[in-house]
S.K.: 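One structure is given below, represented as structure tokens, and several questions about it will come after.
Counting begins at 1 with the first residue of the sequence.
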Amino acid sequence: MSFVNAVDMTRDAYKNHYAIGAFNTNNLEWTRCILKGAQDTNTPVIIQVSMGAAKYMGGYKLVKDLVADEMESMNITVPVVMHLDHGNYEAAKECIEVGYSSVMFDGHDLPFAENLEKTKEIVKLAHAKGISVEAEVGSIGGEEDGIIGEGELASVEEAKTLADTGIDILAAGIGNIHGKYPENWTGLHFDRLQEISDAVKMPLVLHGGSGIPKDQIVKAVKAGISKVNVNTENQIAFANATRAYIESGADQIGKGYDPRKLLAPGKKAIVDVITSRIGWFETPSVK
């Protein structure tokens with residue numbers, strides 16, 4: 001089964017008020033867990049990789065080939081999007097060339113005029129090959145591959161202007177952040193989300209989906225969020241399960257040190273998070 005782009009699935013999600021889970025891969029185990037979670041729930045999924053994770057794994061082409069090979073090996077039948085997460089201009093162009101089915105060009109740290117022009121160029125290159133494009137307006141709080149965002153609210157006017165470039169999905173800052181949410185976090189700004197949704201009338205993306213309470217995610221999906229990104233939550237679940245396995249001494253019993261056994265609890269924890277979040281997003285089963 002080949003990759004699909006994110007156009008039809010996110011448009012349907014926007015129209016019918018559900019969301020597609022977008023889960024970041026970090027290695028082979030993460031890839032298999034994401035695919036298993038999607039197949040177990042019989043739901044479409046977006047597998048995405050950041051620039052940093054791609055570098056760690058060996059490059060954009062290797063990541064794409066790994067995901068494709070695992071799909072074949074695991075007999076995956078649900079729709080899968082291969083997506084670049086928070087890519088700069090050069091990364092977006094490279095992923096278009098090597099065969100990703102979707103790319104995010106993140107130009108939020110550029111002057112808005114430059115972000116706009118580069119987004120238009122990426123849209124032209126991507127759409128010529130049937131690849132969907134995500135762009136960002138307003139900074140998502142926290143840190144992503146060394147890019148630190150203050151988490152300011154996206155401008156409704158800028159959101160509308162960026163949407164008019166022909167992008168397929170729009171990420172907008174609404175008080176969400178990458179990484180762990182601090183105790184003094186005040187929550188998502190639903191008024192701004194609704195203003196943006198009313199202005200652009202297109203699928204919106206919630207970055208920093210890890211750690212946001214279920215009630216806020218459900219409310220955001222009803223307001224136009226059609227793609228929810230999850231990464232930190234899986235990392236924390238994996239780390240906690242691995243720590244518990246080692247602290248129990250299981251790695252010192254028999255061949256408990258074998259990585260296939262050592263990593264198994266963490267892998268199960270990732271799948272559990274993924275299937276739970278798919279339920280939160282109310283992603284319908286593939287017919």
Side-chain angles (χ1 to χ4, degrees), residues 19-43 45-50 52-58 62-63 66-67 69-71 73-76 78 80 85-86 140-146 176-185 187 206-218 228-283:
I20 307 294
F23 304 97
N24 286 63
T25 186
N26 294 282
N27 57 25
L28 180 145
E29 283 75 26
W30 248 257
T31 299
R32 292 184 64 86
C33 290
I34 297 168
L35 291 172
K36 177 174 171 51
Q39 191 68 35
D40 285 354
T41 55
N42 193 36
T43 54
V45 71
I46 298 171
I47 295 184
Q48 54 189 27
V49 67
S50 68
K55 181 178 180 180
Y56 169 77
M57 293 173 68
L62 186 147
V63 175
L66 170 65
V67 175
D69 288 346
E70 288 291 2
M71 287 170 61
S73 172
M74 296 173 68
N75 297 313
I76 299 300
V78 297
V80 178
D85 186 31
H86 287 284
I140 309 301
E143 180 177 352
E144 183 81 11
D145 283 350
N176 43 324
I177 67 172
H178 292 120
K180 290 184 177 181
Y181 282 79
E183 291 184 3
N184 63 352
W185 181 63
L206 181 63
H207 282 253
S210 298
I212 298 177
K214 180 180 179 180
D215 63 327
Q216 291 197 39
I217 285 183
V218 170
V228 181
N229 289 11
V230 177
N231 184 26
T232 301
E233 212 146 19
N234 283 333
Q235 292 179 340
I236 292 172
F238 179 85
N240 287 343
T242 304
R243 180 182 299 108
Y245 177 84
I246 293 174
E247 289 181 347
S248 74
D251 62 312
Q252 299 179 38
I253 299 173
K255 291 189 175 181
Y257 54 80
D258 186 315
R260 290 168 292 184
K261 294 182 178 180
L262 180 65
L263 299 177
K267 290 168 61 181
K268 180 181 183 303
I270 293 173
V271 175
D272 288 346
V273 169
I274 289 171
T275 55
S276 170
R277 294 305 173 267
I278 288 172
W280 286 19
F281 307 155
E282 298 185 357
T283 315

S.K.: Where is the tightest heavy-atom contact between A53 and N26, given as atom of each residue plus distance?
M.R.: CB-OD1, 4.1 Å
S.K.: Please round to the nearest 0.5 Å and tell me the distance separating atom OG1 of T242 and atom NZ of K267.
M.R.: 11.0 Å
S.K.: Return the CD1 to CZ distance between I217 and F281, rounded to the nearest 0.5 Å.
M.R.: 5.0 Å
S.K.: Are a donor atom and an acceptor atom from the side chains of N24 and D85 found within less than 3.5 Å of each other?
M.R.: yes
S.K.: One pair to check against side chain to side chain contact (heavy atoms under 4.5 Å, CB included): V78 and N42. What are the steps and the verdict?
M.R.: CA-CA 6 Å; V78 297; N42 193 36; 3.6 Å; yes
S.K.: When rounded to the nearest 0.5 angstrom, what is the spacing between NZ in K261 and CD1 in I253?
M.R.: 10.0 Å
S.K.: Please examine the side chains of T275 and V271, heavy atoms only from C-beta on, and report whether any two atoms are closer than 4.5 Å.
M.R.: yes
S.K.: Less than 4.5 Å apart, side chain to side chain, heavy atoms only: is that true for D258 and D251?
M.R.: no
S.K.: What residues form a side chain to side chain contact (heavy atoms under 4.5 Å, CB included) with T25, not counting sequence neighbours?
M.R.: W30, T31, I34, I47, V49, M57, V63
S.K.: What is the distance from atom NZ of K55 to atom CG of L62, rounded to the nearest 0.5 Å?
M.R.: 15.0 Å
S.K.: Quick check for you: to the nearest 0.5 Å, what is the distance between T43 atom OG1 and I278 atom CD1?
M.R.: 3.5 Å
S.K.: Do the side chains of I212 and V228 get nearer than 4.5 Å, heavy atoms only?
M.R.: no
S.K.: Is Y245 reaching over with its side chain to a backbone N or O of G256, donor-acceptor style, under 3.5 angstrom?
M.R.: yes
S.K.: Quick check: do N229 and Q48 have side-chain heavy atoms less than 4.5 Å from each other?
M.R.: yes
S.K.: In the structure I gave you, are the side-chain heavy atoms of N234 and F23 within less than 4.5 Å of one another anywhere?
M.R.: yes
S.K.: Taking T41 for the side chain and G37 for the main chain, is one N or O donor matched with an acceptor at less than 3.5 Å?
M.R.: yes
S.K.: Minimum heavy-atom separation for A241 to P265, with atom names?
M.R.: CB-O, 3.5 Å
S.K.: Who passes side chain to side chain contact (heavy atoms under 4.5 Å, CB included) against A264, sequence neighbours left out?
M.R.: none
S.K.: Taking the side chain as everything from C-beta on, heavy atoms only, tell me whether V80 gets closer than 4.5 Å to L35.
M.R.: yes
S.K.: Does R32 pair with E70 as a salt bridge, N-O distance under 4.0 Å?
M.R.: yes
S.K.: Rounded to the nearest 0.5 Å, how far apart are CG of D215 and CH2 of W280?
M.R.: 9.0 Å
S.K.: Got a sec, which residues hit salt bridge (Lys or Arg N to Asp or Glu O under 4.0 Å) with K36, two or more places apart in sequence or on another chain?
M.R.: D40
